[in-house]
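Working notes, beginning with the structure itself.
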Amino acid sequence: MRPRASIREYEVLRAVISSGTVTAAAHRLGISQPAVSRLLAQLESNVGVTLFERRGGRLRPTAEAVRLNGHLDRLFDALAYLDGTDPSDPASQPLRLAAPPTLGHRFLAGLMASFMKQNPGQMVSLETCTSNGLVSRLVEDTIDLGFTLAELTHSAMELIPFHQTRAVCVMAHDHPLARYKVITPEILHGQDHIALMRRHMVRTRLDQVFANANVRPNTVAEVATGVSAATLARAGMGVAVICPFPLISQAHPELAVRPFEPEFIYRVSFAVSTVRPMSRPARAFMRHVQLSVKSNARSAYELRPPEC
């Protein structure tokens with residue numbers, strides 16, 4: 001069994017990677033160059049891999065060194081927290097959020113601003129990722145609270161719905177289908193269609209709706225977000241069936257928006273860990289979001305908020 005590497009050895013690894021030379025790393029850490037070389041050799045022996053290669057008189061980190069250094073971020077963040085933070089200080093409990101781009105940019109950014117004004121000193125971070133990426137981030141404890149439109153399932157995660165809305169069909173204002181008051185799958189048969197990527201769970205649901213109606217739209221583009229779908233539709237590239245929240249909050253002169261039937265429901269949910277208690281800032285932000293959604297006027301496509 002190999003000896004366990006020390007925190008000091010990991011500090012040397014990070015210093016050499018970030019500074020590029022043993023000399024600069026030694027100066028940063030306040031130790032001698034031989035000490036840096038000795039600690040690096042110890043670390044390589046303890047982890048059993050080569051961490052640096054010498055090229056042209058400089059040390060170059062190997063792929064294994066880069067991966068190891070990436071895994072150390074959480075360790076040194078935790079050490080920094082333990083070394084000098086006050087648990088009663090709002091800044092010592094950062095609120096870490098994650099959401100798909102559409103929810104993050106069009107919905108959460110404004111709520112973050114109002115929350116921070118109400119809670120001076122509260123540190124908030126927002127990461128954009130796919131809905132599937134929320135699961136790994138919650139499991140790895142890199143976020144406190146996630147937001148998603150997907151119906152995700154995982155033993156380490158719970159979804160708490162806070163808003164629901166009906167799908168709409170969007171198109172250019174002068175598109176031939178804009179004459180319809182309601183868009184059905186039959187109307188979309190053979191029509192140029194802008195779809196979400198197949199990795200999205202909602203894409204599978206919508207494909208099933210089309211299959212049940214025995215229709216096949218002509219998919220001309222696949223995109224990752226509702227924003228991109230609406231942009232292409234507005235440019236006349238086709239029609240798109242999307243979630244109107246939070247995109248369709250006001251009239252768009254160049255975009256025709258029509259209800260889609262049969263009723264196709266989207267639910268916006270908080271994603272929380274089932275294995276760790278929720279932090280106080282996360283609970284406060286959830287309440288802030290719920291109050292904001294409840295107080296804002298709902299569009300014709302939005303439904304009564306679900307009971308949380």
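Everything numeric here is computed off the predicted structure, so don't read it as measured data. This chain uses plain numbering: 1 for the first residue, then up along the sequence.
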- Gap separating the NE2 atom of His193 from the CE atom of Met237, nearest 0.5 angstrom: 15.0 Å
- Message: Between Val241 and Val168, is there a side-chain heavy-atom distance shorter than 4.5 Å?
- Response: no
- Item | Heavy-atom pair of closest approach, residues Glu127 and Ile143 | OE1-CG2, 4.2 Å
- Message: Under the criterion side chain to side chain donor-acceptor pair (under 3.5 Å), I'd like the reasoning laid out for Gln191 against Asn218: C-alpha separation, chi angles, the key distance, then a yes or no.
- Response: CA-CA 5 Å; Gln191 295 289 329; Asn218 177 37; over 6 Å; no
- Query: Taking the side chain from Thr219 and the backbone from Ala221, do they hold a donor-acceptor pair closer than 3.5 Å?
  - Reply: no
- Query: So, the side chain of Arg267 versus the backbone of Thr148: is there a donor-acceptor pair under 3.5 Å, distance only?
  - Reply: no
- Item | Salt bridge present between Arg205 and Glu151 (N-O < 4.0 angstrom) | no
- Supply the atom-to-atom distance Phe285 CZ to Gln118 CD, rounded to the nearest 0.5 angstrom. 10.5 Å
- Hey, does the side chain of Thr23 reach the backbone of Gln33 with a donor-acceptor pair shorter than 3.5 angstrom? no
- Item | Shortest non-hydrogen separation from Ala5 to Leu43 and the atoms involved | CB-CD1, 3.6 Å
- Quick one: does Arg216's side chain have a donor or acceptor within less than 3.5 Å of a partner on His189's backbone? no
- Mark yes when over 12 heavy atoms from residues, nucleotides or ligands other than Arg287 sit less than 6.0 Å from its CZ; otherwise mark no. no
- Give a yes or no on whether the backbone of Ala224 and the side-chain of His200 come within a donor-acceptor separation of less than 3.5 Å. yes
- Do Glu64 and Thr62 have side-chain atoms, one donor and one acceptor, less than 3.5 Å apart? yes
- Just how far is it from atom CZ of Phe210 to atom CG of Leu188, taken to the nearest 0.5 Å? 5.0 Å
- Query: Is there side-chain contact between Leu145 and Arg96, with heavy atoms separated by less than 4.5 Å?
  - Reply: no
- Query: Is there a chain of hydrophobic side chains (I, L, V, M, F, W, Y, each step under 4.5 Å between heavy atoms) that links Val66 to Val49?
  - Reply: no
- What distance do Arg258 atom CZ and Leu177 atom CG have between them, rounded to the nearest 0.5 Å? 10.0 Å
- Are there more than 12 heavy atoms of other residues, nucleotides or ligands under 6.0 Å from atom CD of Glu254? no
- hydrophobic_cluster_shared for Val223 and Met197, side chain cutoff 4.5 Å: no
- Backbone N or O of Leu138 within a donor-acceptor pair of the Arg276 side chain at under 3.5 Å? yes
- Item | Test applied, side-chain contact (heavy atoms from CB on, under 4.5 Å); reference residue, Asp144; option that passes from Ser279, Pro281, Pro94 | Ser279
- Message: Under a 3.5 Å distance rule, please check whether Thr231 uses its side chain to pair with a backbone N or O of Val227 as donor and acceptor.
- Response: yes
- Query: With a distance cut-off below 6.0 Å to the six-membered ring centre and an angular limit of 45° from the axis, does Arg166 pair with Phe260 as a cation-pi contact?
  - Reply: no
- Task: Would you confirm whether Arg137, through its side chain, and Gly133, through its main-chain N or O, come within 3.5 Å as a donor-acceptor pair?
- Result: yes
- Is the number of heavy atoms from other residues, nucleotides or ligands within 6.0 Å of CG (Asp174) greater than 12? yes
- Task: Would you mind telling me which of Leu103, Thr165, Val202 makes a side-chain contact (heavy atoms from CB on, under 4.5 Å) with Leu149?
- Result: Leu103
- Message: To check you understand the geometry: which heavy-atom pair defines the closest contact between Val170 and Leu255, and what is its length?
- Response: CB-CD1, 4.0 Å
- Please report the shortest heavy-atom distance between Arg8 and Leu39, naming the atom on each side. CG-CD1, 4.0 Å
- Task: Test Asn212 against Gln208 for side chain to side chain donor-acceptor pair (under 3.5 Å), laying out the working first.
- Result: CA-CA 6 Å; Asn212 291 343; Gln208 188 60 53; 2.8 Å; yes
- Distance in Å, Phe264 CZ paired with Cys243 SG, rounded so as to fall on 0.5 Å steps: 9.5 Å
- Could you check Leu247, Thr102, Val289 and say which one makes a side-chain contact (heavy atoms from CB on, under 4.5 Å) with Phe107? Val289
- Item | Point-to-point distance, once rounded to the nearest 0.5 Å, from CZ of Arg4 to CD of Glu9 | 12.0 Å
- Message: Go through it in stages, so that I can follow the logic: the residues are Arg14 and Glu11, the test is salt bridge (Lys or Arg N to Asp or Glu O under 4.0 Å), and I'd like the CA-CA distance, side-chain angles, deciding distance and then a yes or no.
- Response: CA-CA 5 Å; Arg14 291 171 74 80; Glu11 285 180 325; over 6 Å; no
- Message: Check for me whether the distance between the ring centres of Phe245 and Tyr266 falls short of 6.0 Å.
- Response: no
- Query: Can you name the nearest heavy-atom pair linking Ala65 to Ile17, along with the distance?
  - Reply: O-CD1, 3.8 Å
- Task: Could you pull out the closest heavy-atom pair between Met116 and Val124, with the gap in Å?
- Result: CG-CG2, 3.8 Å
